[in-house]
Amino acid sequence: MTQTDTSSKWADLAPRVLSAVGMAAIAIIAVALGGPVFLAVLAVVIGLCMWEFSRLIHAEARALHVVLGVIAGVSVIYCGITLDSPDPVALFSLPRIAVLLGAPLVGAALLPRHRVLFFFYAALIMLAGLGFVAMGTSQILVWFILIIIISDVSGYFAGRLLGGPKFWPRVSPKKTWSGTIAGWIGALGLGVIGAALGAFTPVEALALPLVAFAGQMGDIVQSAIKRKMGVKDSSNLIPGHGGVLDRFDAMIGASGAMILLITIASLSVAG
């Protein structure tokens, strides 16, 4: 292998490391300050993700993009303010669901194309927001972020070093089965450590690869949407790194899966 091939193979390592460090720093500061600051940061992130996604669907409707972003951010704040029960089932109250579906429904009604696509992915963004609200500033959030980082790092190095068959070449040409499986193994290893420390039950530890897989699919789904729309990045808000949605797509998929798993576990225990 030539020096050029080797350097190009690792060309995106620095951006990935910087993205991971950046996300970790934002999470640490928000968690440390807690309360309104955490909720405000979360609302801004979800609002920007919604703004970027609506731009992907229809670039011309600039005012609508802003409106949808604001609705999404306010919805997250509403959920955070009204969440007064640790019971995961209480998350899915009818008023809260109605508020969360505000931006997806408004966008689906007013955007001139790809309305079904917009509704479902926008609803996934809002479900992720609800997941982050539910995790709050507890240790669950820290473990969750570690799961995504470990899965991404494990998959990156395994994919580059081992190579092999592509996971979904038409959508994400760089992702390999070796990297995908390594991400699951990394999440499982972290789960074992967490179980040993008392953060997870053995059953929860075994379920963490599902969270990692949901994160991987979140990345792939967003890549498929960008490919369909003929764009490389969701925006240029982060110079050299694309947009907020490009950096949080895996967390959007994984957060939705995390909150659903927590809710299912809670229902099982209650039953």
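- In terms of the side-chain contact (heavy atoms from CB on, under 4.5 Å) criterion, residue partners of A122 (sequence neighbours excluded) are, by chain and number, M50, F53, P104, F118.
- Counting all heavy atoms, side chain and backbone alike, A187 lies closest to I147 at CB-CG2, 4.2 Å.
- Checked against ring-ring contact (aromatic ring centres under 6.0 Å, His included), F213 has the following partners two or more places apart in sequence or in another chain: W184.
- At a threshold of 4.5 Å between non-hydrogen side-chain atoms, the residues L206 and L188 count as touching.
- F157 is not listed as a side-chain neighbour of D152, based on a closest heavy-atom distance of 4.5 Å or more.
- With sequence neighbours excluded, the residues that form a ring-ring contact (aromatic ring centres under 6.0 Å, His included) with F167 are W177.
- Residues K166 and K175 are not in side-chain contact: their nearest non-hydrogen atoms beyond the backbone lie 4.5 Å or more apart.
- In the hydrophobic clustering of this structure, V211 does not group with V203; members are Ile, Leu, Val, Met, Phe, Trp, Tyr whose side-chain heavy atoms approach within less than 4.5 Å, directly or through other members.
- By the 6.0 Å contact criterion, CG on L94 is open, its count of non-hydrogen atoms from other residues, nucleotides or ligands being 12 or less.
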Could you pull out every donor-acceptor pair under 3.5 Å between side chains of residues 26-41 and any protein atom, sequence neighbours left out?
none

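- Grouping the Ile, Leu, Val, Met, Phe, Trp and Tyr side chains by contacts below 4.5 angstrom, directly or via other members, places V192 apart from L210.
- Taking each heavy atom of G159 and S178 in turn, the nearest pair found is CA-OG, 3.8 Å.
- R115 and A108 make their closest contact through CD-O, 3.0 Å (heavy atoms, listed as atom of the first residue, atom of the second, distance).
- The shortest distance between side-chain heavy atoms of H114 and K228 falls below 4.5 Å.
- Between the side chain of E52 and the backbone N or O of L245, at least one donor-acceptor pair lies under 3.5 Å.
- Once rounded to the nearest 0.5 Å, the distance linking CG of L64 with CD1 of I71 reads 8.0 Å.
- Among residues two or more places apart in sequence or in another chain, the ring-ring contact (aromatic ring centres under 6.0 Å, His included) test is passed with F144 by F132.
- Note that CD1 of I181 and OG1 of T176 are 8.5 Å apart. Values are rounded to the nearest 0.5 Å.
- S154 places no side-chain N or O within donor-acceptor distance of the main-chain N or O of G183, the cut-off being under 3.5 Å.
- A donor-acceptor pair under 3.5 Å is absent between the side-chain atoms of R55 and the main chain of H65, judged by distance alone.
- D246 contributes a side-chain N or O that, together with a main-chain N or O of S234, makes up a donor-acceptor pair within less than 3.5 Å.
- Remark: C49 SG to I252 CD1 distance equals 4.0 Å, nearest 0.5 Å.
- Across all non-hydrogen atoms, the minimal contact from I77 to A43 is CG1-CB, 3.7 Å.
- Taking CD1 from I148 and CG from L190, the interatomic distance works out to 10.5 Å, rounded to the nearest 0.5 Å.
- Side-chain contact, T82 with R96: a donor N or O sits under 3.5 Å from an acceptor N or O.
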Determine whether W143 and L197 satisfy the following criterion, side chain to side chain contact (heavy atoms under 4.5 Å, CB included), listing intermediate values before the conclusion.
CA-CA 12 Å; W143 283 101; L197 295 174; 4.1 Å; yes

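- Hydrophobic cluster membership of V99, counting Ile, Leu, Val, Met, Phe, Trp and Tyr whose side-chain heavy atoms lie under 4.5 Å apart directly or via other members: Y78.
- Side-chain N or O atoms of Q216 include none that pairs as donor or acceptor with a backbone N or O of A250 at under 3.5 Å.
- When L105, I125, L130 are each tested for a side-chain contact (heavy atoms from CB on, under 4.5 Å) with L100, only one passes: L130.
- Both M126 and F120 are members of a single hydrophobic cluster when ILVMFWY side chains are connected at heavy-atom separations under 4.5 Å.
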Should L68 and W51 be marked as a side chain to side chain contact (heavy atoms under 4.5 Å, CB included) after you check the CA-CA gap, both sets of side-chain angles, and the distance that decides it?
CA-CA 6 Å; L68 293 175; W51 172 74; over 6 Å; no

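- The closest side-chain heavy-atom distance from L117 to M229 is below 4.5 Å.
- How far CZ of F119 is from CG of L111: 13.0 Å, rounded to the nearest 0.5 Å.
- Remark: side-chain polar atoms of K226 are paired, donor with acceptor, to backbone N or O of K232 under 3.5 angstrom.
- Here L110 contributes atom CG and S54 contributes atom OG; the two are 11.0 Å apart, rounded to the nearest 0.5 Å.
- Counting all heavy atoms, side chain and backbone alike, G47 lies closest to A72 at CA-CB, 4.3 Å.
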